[in-house]
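Numbering of ligands and ligand atoms starts at 1, following listing order.
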Amino acid sequence: MAKEITFYIDQVECTAEDGCFITDAARTNGIYIPTLCNYPGLKPAGSCRVCTVKVNQRHLTACTTPVAEGMEIEVDTAELNDMRRAVVELMFTEGNHFCPACEKSGNCELQALAYRFKIMVPRFPFQFNKRDIDASHPKIFHDHNRCIQCKRCIRAIKDEQGKSVFAFKKRATDIRINLDHRLGENLSDELAEKAMEVCPVGSILVKGKGFITPIGERKYDKIPIGESRNVI
Ligand code: SF4
């Protein structure tokens, strides 16, 4: 069994198993650190930067940094919250997010964080990038307008040989997450559901399953993100 260590989050004494990542260690101590690319059970990627914390004056991603004995971590500060808010604003301006018309509204982590950070108007100009929608797969509707490139789908959805069904295509501003139609040919209903579940936004939707849970009764309609007992 791993050794228990003591560390501090915003000067509150916490304990966790040695070697566990800051986001997980915070959660076990009832402290929420916002994140969009991190997901329970998936290898952390540190790609969205929303979980950025400060340790010894250095900015680090909490999902990829293990806690250490005596570590002092700053999480809930005005500077860090403004950085997180700026990242969320960038995501809204870079993509085309139309929350009222999205099936994921109320279950969307990006939308929930926008509410948490009280974002009304982003400080950055909207890009209005042209993105396509891929509705050619029999089970999955893939809207590139809403993708935040968190790579959760790449890490979570694999075929029987362990190959990722989703992959990056192109580079820089043209970058896309694509569903490999050959690998995804026999995608089971369970994996299609899982893909929709792991996607933090409404980029991956399962066809024919819309609005089973009415708007107003969804996850973050009831409890704002980070405020449930298990702080997820
Ligand atoms: S499709 Fe969804 S899960 Fe995949 S990278 Fe885009 S936002 Fe993340």
Inset, instruction - Output every pair passing ring pair (Phe, Tyr, Trp, His ring centres under 6.0 Å) with a member in residues 167-191, not counting sequence neighbours, ordered by first then second residue. - result: His137-His181
Inset, instruction - Measure from atom 8 (Fe) of ligand 1 to each N, O or S atom of Cys153 and report whether any distance is below 2.8 Å. - result: no
Enumerated ligand 1 atoms positioned under 4.0 Å from heavy atoms of [X]:
X: Cys199; value: 2 (Fe), 3 (S), 7 (S)
X: Val201; value: 7 (S)
X: Ile148; value: 6 (Fe), 7 (S)
X: His142; value: 1 (S)
X: Ile177; value: 5 (S)
X: Ser203; value: 1 (S), 2 (Fe)
X: Ile204; value: 1 (S)

Inset, instruction - Confirm or rule out an N/O/S atom of Cys147, from backbone or side chain, lying less than 2.8 Å from atom 6 (Fe) of ligand 1. - result: yes
Within the side chain of [X], is there an N or O that forms a donor-acceptor pair under 3.5 Å with the backbone of [Y]?
X: Asp134; Y: Ser136; result: yes
X: Asp24; Y: Cys20; result: no
X: Asp143; Y: Asn145; result: yes
X: Lys3; Y: Asp18; result: no
X: Lys219; Y: Cys108; result: no

Inset, instruction - Specify side chain, backbone, both or neither for Ile154, according to which of its non-hydrogen atoms lie closer than 4.0 Å to ligand 1. - result: neither
Legend entry - Min heavy-atom dist Arg146 to ligand 1 below 4.0 Å: no
Inset, instruction - Give a yes or no on whether Tyr115 atom OH has more than 12 heavy-atom contacts from other residues, nucleotides or ligands under 6.0 Å away. - result: no
Inset, instruction - List the steps, then state whether salt bridge (charged side-chain N to carboxylate O under 4.0 Å, His left out) holds for Glu190 with Lys194. - result: CA-CA 6 Å; Glu190 291 71 33; Lys194 188 177 171 189; over 6 Å; no
Inset, instruction - Please write down residue, atom name and distance for the protein heavy atom closest to atom 8 (Fe) of ligand 1. - result: Cys150 SG, 2.3 Å
